[in-house]
Amino acid sequence: MRATALLVSLAVTSLLPTAYAAANEPSANALQTLDRQTSQLNRVHSVVVAYDGEIIHEFHQGGPGVASPANIKSLSKTVLAAITGAAIEAGIIESTDQPMVELFGEHLPSGIDPQVGDITVAHLLAQQAGLERTSGSNYGAWVASANWVNDAITRPFVDKPGGQMLYSTGTSHLLSAALTHASGETTHALAQRLLGDPLNITIRPWLRDPQGIYFGGNDMQLSPRALIEVGELYRNDGIVINEAGDEQRVLPEGWVEESWQPRGTSRWTGDGYGFGWFITQLAGEDVYYGRGYGGQALYVIPEREMTIVITSDPNPPSPGGQFQQRLNRLVDGLLAENDE
């Protein structure tokens, strides 16, 4: 694994008592228990655990291997949020307060509701655009439409921008379109240049809409090991340290803290939601996670210096939200087992 956790993590760890640092690392027994419990979930393909910047455990029982790209479904929203943060650091976007319409420029469709002008980058990241959702029962018709962006942006407002969390892949797709129009590059090109290259991971091209905009918030292809690097980037406050020991800030200062502030609440789980991340507690620890259809998940547990990735069969039928709770229990069990 690349030196992502490296000096930043080591500097923090060096200030801690040795016994405390050792107590945080998952024990062999805890990892064996994790494997045993995971093997009972046939849908799960792989589990990867990193501690203090190093991958310490990998479990694989089907599907793509831990180094092979997997369809991460809506976990793509978490990665898209990272790309957006990197675009702010690169000066492509001014800030999360910038109105979406400024980024679209001349590419806005005619006849849109004036309230569209109130939607900011922050609202797109936090699923607070206020527009009618394209997910759930509306999803099929939306992806069958001739223009995904126009369909999403011309839907009626069911709340004001900045109001309640309305989980909608159409909202994330508007963010992908905004990134494309503001930069003059595809979302994939931005993803690889601003995120993939600093993390030394490959982000393959994925599905595009009929106008060529890369699907915002779904169907990205990353390996579990690559996802670990994304999680580690957040765990290390947006900083990467390369093999030569040089520090590079990929995400803006304060971005991680801002991303992990709850701005809305999931109506299905009651968990908070920030900029592409759900916020919860497991085994008494603050946990930040992204999730995708069928059992794709990325967890960051800062106090335990841990990042965990789970990938599963992404094909229908989905086992639903209850399966996500089973994945949460795997992580909860690992953390609790290590406390004993």
Side-chain angles (χ1 to χ4, degrees), residues 76-135 142 145 147-191 193-195 209 211-218 238 250-264 273-277:
S76 303
K77 294 177 175 65
T78 307
V79 180
L80 185 66
I83 298 166
T84 304
I88 291 174
E89 179 65 18
I92 295 168
I93 296 173
E94 292 176 4
S95 73
T96 57
D97 294 327
Q98 189 169 11
M100 176 186 71
V101 295
E102 290 185 4
L103 302 177
F104 267 72
E106 62 184 15
H107 299 282
L108 285 170
S110 59
I112 58 174
D113 189 307
Q115 281 192 94
V116 169
D118 296 330
I119 299 173
T120 66
V121 172
H123 297 151
L124 298 178
L125 287 164
Q127 299 285 311
Q128 293 177 303
L131 294 163
E132 179 185 68
R133 299 170 63 239
T134 64
S135 294
W142 174 58
S145 68
N147 191 311
W148 297 3
V149 170
N150 287 5
D151 184 286
I153 207 171
T154 57
R155 284 180 176 258
F157 278 88
V158 296
D159 197 359
K160 64 181 180 181
Q164 64 179 315
M165 176 192 176
L166 297 166
Y167 189 87
S168 173
T169 301
T171 295
S172 297
H173 194 60
L174 292 179
L175 182 57
S176 178
L179 286 165
T180 297
H181 296 318
S183 67
E185 300 179 66
T186 67
T187 304
H188 170 254
L190 284 176
R193 180 169 68 85
L194 300 180
L195 193 65
D209 74 7
Q211 284 65 49
I213 302 294
Y214 275 92
F215 202 170
N218 203 355
V250 177
L251 304 177
E253 186 174 357
W255 176 262
V256 174
E257 181 180 1
E258 190 176 10
S259 298
W260 286 349
Q261 290 296 316
R263 297 163 189 275
Y273 191 76
F275 288 167
W277 292 85

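This chain uses plain numbering: 1 for the first residue, then up along the sequence.
- In this structure a side-chain-to-backbone donor-acceptor pair under 3.5 Å is present from Gln128 to Gly163.
- Of all the heavy atoms in Pro252 and Gly85, the pair that sits closest is CD-O, 3.1 Å.
- In this structure a side-chain-to-backbone donor-acceptor pair under 3.5 Å is missing from Gln164 to Asp159.
- What you find for Val256 and Gly238 is that their closest heavy atoms are CG2-N, 3.9 Å.
- Screening Leu175, Val121, Asp118, Val116 against Met100 for a side chain to side chain contact (heavy atoms under 4.5 Å, CB included) leaves a single residue, Val116.
- For the side chain to side chain contact (heavy atoms under 4.5 Å, CB included) with Tyr214, the lone residue among Leu190, Asp209, Thr187 that qualifies is Thr187.
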task = Evaluate the side chain to side chain contact (heavy atoms under 4.5 Å, CB included) criterion for residues Thr171 and Ile119: first the C-alpha distance (whole Å), next the side-chain angles of each, then the deciding distance (0.1 Å), finally the verdict.
result = CA-CA 10 Å; Thr171 295; Ile119 299 173; over 6 Å; no
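- Two residues are said to be in side-chain contact when any heavy atoms from C-beta on lie closer than 4.5 Å; Arg263 and Phe275 meet this criterion.
- Nearest approach of Glu102 to Gln98, heavy atoms of both residues: OE1-NE2, 3.2 Å.
- Residue pairs satisfying the salt bridge (Lys or Arg N to Asp or Glu O under 4.0 Å) criterion with at least one member in residues 171-191, sequence neighbours excluded, are listed as follows: Glu185-Arg193.
- No donor-acceptor contact under 3.5 angstrom links the side chains of Ser168 and Ser135, judged on distance only.
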query = Between Ile153 and Leu108, does a side chain to side chain contact (heavy atoms under 4.5 Å, CB included) hold up when you go through it step by step?
reply = CA-CA 9 Å; Ile153 207 171; Leu108 285 170; 3.8 Å; yes
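- The aromatic rings of Trp148 and Trp142 lie tilted to each other, with the angle between the two planes from 30° to 60°.
- Judged by distance alone, the side chain of Thr134 and the main-chain N or O of Gly170 form a donor-acceptor pair under 3.5 Å.
- Inter-residue side-chain proximity for Leu195 and Val79 is flagged as met; some heavy-atom pair is nearer than 4.5 Å.
- Smallest separation of non-hydrogen atoms from Ala82 and Leu251: O-CD2, 3.4 Å.
- The nearest pair of heavy atoms linking Ile213 to Ser176 is CG2-OG, 3.7 Å.
- Expressed to the nearest 0.5 Å, how far CG of Leu125 lies from CD of Glu258 amounts to 8.5 Å.
- A side-chain donor from one of His123 and Thr120 sits under 3.5 Å from a side-chain acceptor of the other.
- Residues Gly117 and Val101 approach most closely at CA-CG1, 4.0 Å, considering heavy atoms.
- Not a single donor-acceptor pair under 3.5 Å links the side chain of Lys77 to the backbone N or O of Gly276.
- Between Trp277 and Trp260, the angle of the ring planes goes over 60°, which puts this pair in the perpendicular group of the 30/60° scheme.
- Arg133 is linked by a salt bridge (charged side-chain N to carboxylate O under 4.0 Å, His left out) to nothing, counting only residues two or more places apart in sequence or in another chain.
- Leu103 has its side chain out of reach of His181: every pair of non-hydrogen atoms, C-beta onward, lies at least 4.5 Å apart.
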